[in-house]
Amino acid sequence: MSSTSTLADGMVWITGGNTEIGSPEHHLAAIGDEQHYPRTWFDDEGPQHLEITAGFWLDRTPVTNAEFAAFADDTGWMTATERRREGLVYGPAYWDTLPGVSWRRPSHDIDAVADRPDHPVVHVDHADASAYARWASKRLPTEVEWEAAAHGPTWSAWPWGSTWSPEAANTAEYWAGAELRTLADWKSWYASHWRANGAAPATTPVGQFRDFASPFGILDMAGQVTEWTATIYHPYAAACTDPSYAAAGRLGFKVARGGSWKMMRWQTRTSERICGIPEYAAFDLGFRCAADAPPPTDSTEDSHNKEHHG
């Protein structure tokens, strides 16, 4: 895969080096005071530490319905959700399965490919995402790679910085048009959202929030869809107080990052860690791909810079 064709395929070169991974303690203390989850909920984001990454390519945006359709049509791949003939959605009160829902039909009245070709694909488990990546001669990013691309070498809470803006990303607060601070706030918003939209994911066309890219020009890394990574979950520190963190690692849970359209801002931070069984699929879970290829030449780098800054 040449660097020229890689850029044409919508990927961005992420330079390697030292990167601050995880949240600083002052940030964890602050969010512990600002919202309804206890401070221990975020223990696995610390301690902040340095990680070294090699350079790699990353999709500028999540994989879309049209892109996933090309893969499925070419290979005959059926997702786990399609085989089960039901998909996982968050209903009026809690998580529930809905018959007939899949990536092709995220809601009974939506044809994902015809109606939302440029929205991120959802209802895909880890095997589905990995199969697409292999077909595309790519791979899933590691957790460290994902975070490095999200905020660059120096940590920030969101890709654009550490000051929240509800207009910057596809999150619950973007749709609510107001700050959501408590679980009661979120439940009130989501109840009205469900009444109006049912199981239809509130995704948007990828790349819509172009003014709030990461330092590398990567888009949709806060909200939109939570994204699978290649990494098996493990706590950064053995001293995490919640034993469920260690259990998730022993059980082979996979890390997902970024948060989604139905989450409040705290769950869409660059260092927020989410994990689940590889078989998990839901209406707000998708992915993007990474690739190992030579770095860009001067000419392709100039083209890349013009695309973002010209």
Roughly how far, to the nearest 0.5 Å, is CZ of Phe209 from OG1 of Thr171?
-> 8.0 Å
Trp77 CH2: over 12 foreign heavy atoms closer than 6.0 Å | yes
Flag the pair Glu45 and Arg273 as a salt bridge only when some basic side-chain nitrogen lies within less than 4.0 angstrom of an acidic carboxylate oxygen.
-> no
Answer with yes or no whether the hydrophobic clustering places Leu285 together with Phe283; edges join I, L, V, M, F, W, Y residues whose side-chain heavy atoms lie under 4.5 Å apart.
-> yes
Verify, without hydrogens or angle tests, whether Ser214 (side chain) and Phe216 (backbone) share a donor-acceptor contact under 3.5 angstrom.
-> yes
Would you confirm whether Tyr90, through its side chain, and Lys262, through its main-chain N or O, come within 3.5 Å as a donor-acceptor pair?
-> no
Should Trp164 and Tyr174 be counted in the same cluster of Ile, Leu, Val, Met, Phe, Trp and Tyr side chains packed under 4.5 Å apart?
-> no
Residue pair Trp155, Ser271: steps toward the side chain to side chain donor-acceptor pair (under 3.5 Å) verdict | CA-CA 8 Å; Trp155 176 87; Ser271 42; 3.0 Å; yes
Are any non-hydrogen side-chain atoms of Ile21 and Glu143 less than 4.5 angstrom apart?
-> no
Look at the side chain of Ser192 and the backbone N and O of Trp189, then say whether any donor-acceptor pair between them is shorter than 3.5 Å.
-> yes
Do Met263 and Val225 belong together in a cluster built from hydrophobic side chains that touch within less than 4.5 Å?
-> no
Interatomic distance, CD1@Ile232 vs SG@Cys275, rounded to 0.5 Å, equals 11.5 Å
Look at the side chain of Thr231 and the backbone N and O of Thr142, then say whether any donor-acceptor pair between them is shorter than 3.5 Å.
-> no
Would a distance-only check, ignoring hydrogens and angles, find a side-chain to backbone donor-acceptor pair under 3.5 Å from Gln48 to Gly22?
-> yes
Donor-acceptor contact below 3.5 Å, side chain Asp220 vs main chain Gly207 | yes
Kindly say whether Met78 contributes a backbone atom to a donor-acceptor pair with the side chain of Arg83 at under 3.5 angstrom?
-> yes
Mind checking whether Pro159 and Ile218 have side chains closer than 4.5 Å, heavy atoms only?
-> no
Within-4.5 Å side-chain heavy-atom neighbours: Thr203 and Arg116 = yes
Distance flag, aromatic centroids of His119 and Trp261, threshold under 6.0 Å | no
Taking all atoms of both residues into account, what is the closest heavy-atom pair of Leu50 and Asn18, and its distance?
-> CD2-CB, 4.5 Å
Does the side chain of His151 come within less than 4.5 Å of Thr19's, by heavy atoms?
-> yes
For Ala222 and Ala169, which heavy atoms make the closest approach, and how far apart are they?
-> O-CB, 3.3 Å
Over all heavy atoms of both residues, which pair between Gly46 and Leu28 is shortest? Give the atoms and the distance, please.
-> N-CD1, 4.4 Å
Between Trp228 and Phe287, is the ring centre distance below 6.0 Å?
-> no
May I ask you to test the Trp158-Arg265 pair for a side-chain heavy-atom distance under 4.5 Å?
-> yes
State yes or no: do Met221 and Ile274 share one hydrophobic cluster built from I, L, V, M, F, W and Y residues joined by side-chain heavy-atom distances below 4.5 Å, directly or via other members?
-> no
Point-to-point distance, once rounded to the nearest 0.5 Å, from CZ of Phe42 to CD1 of Ile31 = 4.0 Å
Salt bridge flag under 4.0 Å for residues Arg139 and Glu145 = yes
Would a line drawn from the ring center of Trp175 to the ring center of Tyr190 be shorter than 6.0 Å?
-> no
Could you tell me whether a side-chain N or O of Thr229 sits under 3.5 Å from a main-chain N or O of Val255, the two making a donor and an acceptor?
-> yes
Any side-chain heavy-atom pair from Glu147 and Glu51 closer than 4.5 angstrom?
-> no
Taking all non-hydrogen atoms of both residues into account, name the closest pair between Pro278 and Lys254 and its distance.
-> CG-CG, 3.9 Å
Ignoring hydrogens and geometry, is there a side-chain-to-backbone donor-acceptor pair from Glu272 to Arg269 under 3.5 Å?
-> no
Minimum heavy-atom distance between His123 and Trp103, given as atom pair plus value | CB-N, 3.6 Å
Which one of Met264, Arg181, Glu167 satisfies the side chain to side chain contact (heavy atoms under 4.5 Å, CB included) criterion with Glu173?
-> Met264
Drop me the distance from Ile14's CD1 to Leu58's CG, to the nearest 0.5 angstrom.
-> 5.5 Å
Applying side chain to side chain contact (heavy atoms under 4.5 Å, CB included), run through Val89 and Trp194 and close with a yes or a no.
-> CA-CA 11 Å; Val89 303; Trp194 180 267; 4.1 Å; yes
Atom pair CG/OG of Asp292 and Ser137 - distance to nearest 0.5 Å = 11.5 Å
Donor-acceptor under 3.5 Å (Trp57 side chain, Pro294 main chain) | yes
What are the two closest non-hydrogen atoms of Pro141 and Trp146, and how far apart are they?
-> CG-CD1, 4.3 Å
Got a second to check how far Trp135's CH2 is from Glu67's CD, nearest 0.5 Å?
-> 8.5 Å
Under 3.5 Å, side-chain donor or acceptor atoms of residues 93-102 against the rest of the protein: list the pairs with distances, not counting sequence neighbours.
| residue | atom | partner | partner atom | Å |
| --- | --- | --- | --- | --- |
| Ser102 | OG | Arg104 | N | 3.3 |

According to a 4.5 Å side-chain heavy-atom criterion applied to Ile, Leu, Val, Met, Phe, Trp and Tyr, with indirect links allowed, do Val124 and Phe71 form part of one hydrophobic cluster?
-> yes
Is the shortest side-chain N to carboxylate O distance from Asp59 to Lys138 below 4.0 Å?
-> yes
